[in-house]
Amino acid sequence: MSSRCNISGLQEAKRVAIFGGTHGNEMSGIMLVNMWINNAAEIERNGLVTKPFISNPRAVEKCTRYIDTDLNRAFTPENLSAPDVEGLQYEVQRAKEISQMFGPKGSPGAYDVIFDLHNTTSNMGSTLILESSTDLFNLQMVNYIKTSTQHLNTLAKVFPCNKKIKKAMAPHTCPVLLNENPHLKYSTTRSVAKHPIGLEVGPQPQGVLRSNVFESMRTILKHALDFLEIFNSGVEFPPCTVEVFRAHERMDYPRDTNGNITAMVHPHLQDCDWEPLNRGDPMFLTFDGRTILYEGASTVYPTFINEAAYYEKQQAFMTTCREILAANAIRKTVKVKS
């Protein structure tokens, strides 16, 4: 830590991985990573070693979310220390391999940054996912991404015929989901890195590729890599604030005594990710037409609304609480020669 003006000195980020196919039917990350494996010019930056990587190749081959178990929940200490025995679940074995390749998880030798690319069937737009509210590096990175996309959108309005600006445009907003709730946190693929960051872009059906979703993900990754290159060059980033949506509670569908779903997401809630849900607002609609209202004590902001992959996890949507986080200025730590 530097004592001058609360500037935090952080180590440069030299080794970066971009994961696609953690879920084998989320096509944007798979296609981008395969494209970059064949031609990495687009993701090359001065001072960076950037590795595009398919996380779950068997699931990708079958275009299914996973083979035996969800890879994005498999990076627990128990799994990573499990002995290599016959019959070990494929994703558990894969988690052990990934941790050795890019970690080991929690070690000084782990990769500096892992970007984990996902698609959602929910209307979440382009959502950046953080694991920690105290990771100054990632807070500054998402602030850079958000302000870069806003700058491009402004330029696009001023110069509507500029094809280069249009091609580089990212979504108007990039919500930031903070997965820091200890009751909702899970052991992600990206958690192997020192600075893990997820990117969830939708809506896009499973096993489908949409050009607008593909291009949004592509553009955000370019901004992120630009940030890493600029930071490594010694540029100081000033203090900033970042609006985040902290994970609060998982909401299940109403069910009968046998566990069968008895209601759907209400049409007034469907596709309204990140919009406020107030006490008394419609939440579910039963099959016989009865509306179930939200009865929480405070306003929340739902996301992952009616996500197809979460039916098996008994989750209709996740509620979040809106917060503003402050981040110190940061710059690269300069090593003093002895």
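- Across all non-hydrogen atoms, the minimal contact from F231 to R331 is CE1-C, 3.5 Å.
- The shortest heavy-atom contact between G207 and C63 is CA-SG, 3.8 Å.
- A side-chain donor-acceptor contact under 3.5 Å links N119 and S28.
- The two residues K194 and P108 have their closest heavy-atom pair at NZ-O, 2.9 Å.
- There is no side-chain donor-acceptor pair under 3.5 Å between Q204 and R210.
- For E61, the CD atom counts as loosely surrounded, since its 6.0 Å shell holds 12 or fewer non-hydrogen atoms of other residues, nucleotides or ligands.
- Checked options V142, T320, V176, L128; the residue passing with V244 is V176 (criterion: side chain to side chain contact (heavy atoms under 4.5 Å, CB included)).
- Side-chain atoms of K146 come within 3.5 Å of backbone atoms of C174 as a donor-acceptor pair (strictly under, hydrogens ignored).
- Under the ring-ring contact (aromatic ring centres under 6.0 Å, His included) criterion, F227 pairs with F137, Y144, F237, not counting sequence neighbours.
- Other members of the cluster containing M101 are F19, F53, L71, F75, L80, I98, F102, Y111, I114, V192, with ILVMFWY side chains joined at under 4.5 Å, either directly or via other members.
- Side-chain N or O atoms of N138 include none that pairs as donor or acceptor with a backbone N or O of L130 at under 3.5 Å.
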* To do: Determine, step by step, whether I18 and I43 satisfy the side chain to side chain contact (heavy atoms under 4.5 Å, CB included) criterion, reporting the C-alpha distance in whole Å, the side-chain angles of both residues, the deciding distance to 0.1 Å, and the verdict.
  => CA-CA 10 Å; I18 304 172; I43 57 173; 4.2 Å; yes
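- The hydrophobic clustering, which links ILVMFWY residues whose side-chain heavy atoms are closer than 4.5 Å, places M124 and I145 apart.
- Here L293 sits alone; no ILVMFWY side chain lies under 4.5 Å from its own, so it joins no hydrophobic cluster.
- Remark: the T188 side chain and the N72 side chain contain no N/O donor-acceptor pair separated by less than 3.5 Å.
- In this structure, a donor-acceptor pair under 3.5 Å is present between the side chains of T120 and E307.
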| request: Decide yes or no on side chain to side chain donor-acceptor pair (under 3.5 Å) for E180 and S133, but give the supporting numbers first. | output: CA-CA 7 Å; E180 201 174 43; S133 60; 2.9 Å; yes
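- Side-chain atoms of D273 come within 3.5 Å of backbone atoms of N123 as a donor-acceptor pair (strictly under, hydrogens ignored).
- Contact check on K96 versus D84 returns a salt bridge, with a Lys/Arg side-chain nitrogen under 4.0 Å from an Asp/Glu carboxylate oxygen.
- For the pair E42 and K222, the salt-bridge criterion is met [side-chain N within less than 4.0 Å of a carboxylate O].
- Of the options L117, T127, I129, a side chain to side chain contact (heavy atoms under 4.5 Å, CB included) to L199 is made by L117 and by none of the others.
- Put simply, CG on D68 and CZ on R94 are 13.5 Å apart, with the number rounded to the nearest 0.5 Å.
- Looking only at side-chain heavy atoms (C-beta outward), D116 and T22 come within less than 4.5 Å of each other.
- In this structure, E295 places its CD atom where only 12 or fewer heavy-atom neighbours from other residues, nucleotides or ligands lie under 6.0 Å away.
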N260 vs R255, side chain to side chain contact (heavy atoms under 4.5 Å, CB included): CA-CA, chis, key distance, verdict = CA-CA 5 Å; N260 299 311; R255 297 177 185 271; over 6 Å; no
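- Of all the heavy atoms in R218 and W36, the pair that sits closest is CG-CZ2, 4.3 Å.
- Judged by distance alone, with hydrogens and angles left aside, the side-chain atoms of T241 form no donor-acceptor pair with the main-chain N or O of A326 at under 3.5 Å.
- Look at D112 and R15 and you find no salt bridge, because none of the NZ, NE, NH1 or NH2 atoms lies under 4.0 Å from a carboxylate O.
- For the residue pair E91 and N56, a side-chain donor N or O sits within less than 3.5 Å of a side-chain acceptor on the partner.
- Considering only heavy atoms from C-beta on, Q100 comes within 4.5 Å of P104 through its side chain.
- Ion pairing between a basic and an acidic side chain is recognised when a charged N comes within 4.0 Å of a carboxylate O; R65 and E26 show such pairing.
- Judged by distance alone, the side chain of T286 and the main-chain N or O of R290 form a donor-acceptor pair under 3.5 Å.
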* To do: Go through the steps to decide whether K185 and E131 satisfy the test salt bridge (Lys or Arg N to Asp or Glu O under 4.0 Å), and finish with yes or no.
  => CA-CA 8 Å; K185 199 172 179 67; E131 309 280 335; 3.1 Å; yes
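- At distances below 3.5 Å, at least one donor-acceptor pair connects side-chain atoms of N232 with backbone N or O atoms of A13.
- Atoms CG and OG, on N212 and S126 in that order, are 9.0 Å from each other to the nearest 0.5 Å.
- Atom CD of Q11 is surrounded by 12 or fewer heavy atoms from other residues, nucleotides or ligands within 6.0 Å.
- Within the 4.5 Å cutoff, the side chain of H268 has no heavy atoms near those of the D281 side chain.
- In this structure, F214 CZ and M31 CE are separated by 8.5 Å, a value rounded to the nearest 0.5 Å.
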Check: Going through the distances and angles, do M318 and H248 end up as a side chain to side chain contact (heavy atoms under 4.5 Å, CB included)?
Finding: CA-CA 7 Å; M318 175 193 287; H248 176 62; over 6 Å; no
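- One finds the CZ atom of R73 at 9.5 Å from the OG atom of S187 (value rounded to the nearest 0.5 Å).
- Under the 4.5 Å side-chain criterion, counting only non-hydrogen atoms from C-beta, V16 is in contact with L225.
- By the side-chain hydrogen bond (donor to acceptor under 3.5 Å, both in side chains) test, K313 is found to be paired with D70, residues two or more places apart in sequence or in another chain being considered.
- Taking each heavy atom of V242 and C240 in turn, the nearest pair found is CG2-SG, 4.2 Å.
- Scanning for ring-ring contact (aromatic ring centres under 6.0 Å, His included) contacts around F245 gives W274, Y301, with sequence neighbours left out.
- Side-chain N/O atoms of N25 and T64 include no donor and acceptor closer than 3.5 Å.
- Shown here for Q140 and P239, the closest heavy-atom pair between the two residues is NE2-CA, 4.3 Å.
- To the nearest 0.5 angstrom, I54 atom CD1 is 5.0 Å from I37 atom CD1.
- Defined by atom type and a distance below 3.5 Å, a donor-acceptor pair is missing between the side-chain atoms of E200 and H118.
- For the pair T147 (side chain) and N143 (backbone), a donor-acceptor distance under 3.5 Å is present.
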- Message: Please determine whether side chain to side chain donor-acceptor pair (under 3.5 Å) holds for the pair D252 and Q315, giving the CA-CA distance in whole Å, both sets of side-chain angles, and the decisive distance to 0.1 Å.
- Response: CA-CA 4 Å; D252 191 12; Q315 178 180 317; over 6 Å; no
R45 vs D226, side chain to side chain contact (heavy atoms under 4.5 Å, CB included): CA-CA, chis, key distance, verdict: CA-CA 7 Å; R45 298 291 188 278; D226 290 344; 2.8 Å; yes
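- One N or O on the side chain of T333 and one on the backbone of G9 form a donor-acceptor pair closer than 3.5 Å.
- We find the CG-CD1 distance between L139 and I330 to be 9.0 Å, quoted to the nearest 0.5 Å.
- Through direct or indirect side-chain contacts shorter than 4.5 Å among Ile, Leu, Val, Met, Phe, Trp and Tyr, Y311 is connected to M251, Y253, I261, M264, V265, L269, L277, M283, F284, L285, F287, I292, Y294, V300, I305, F317.
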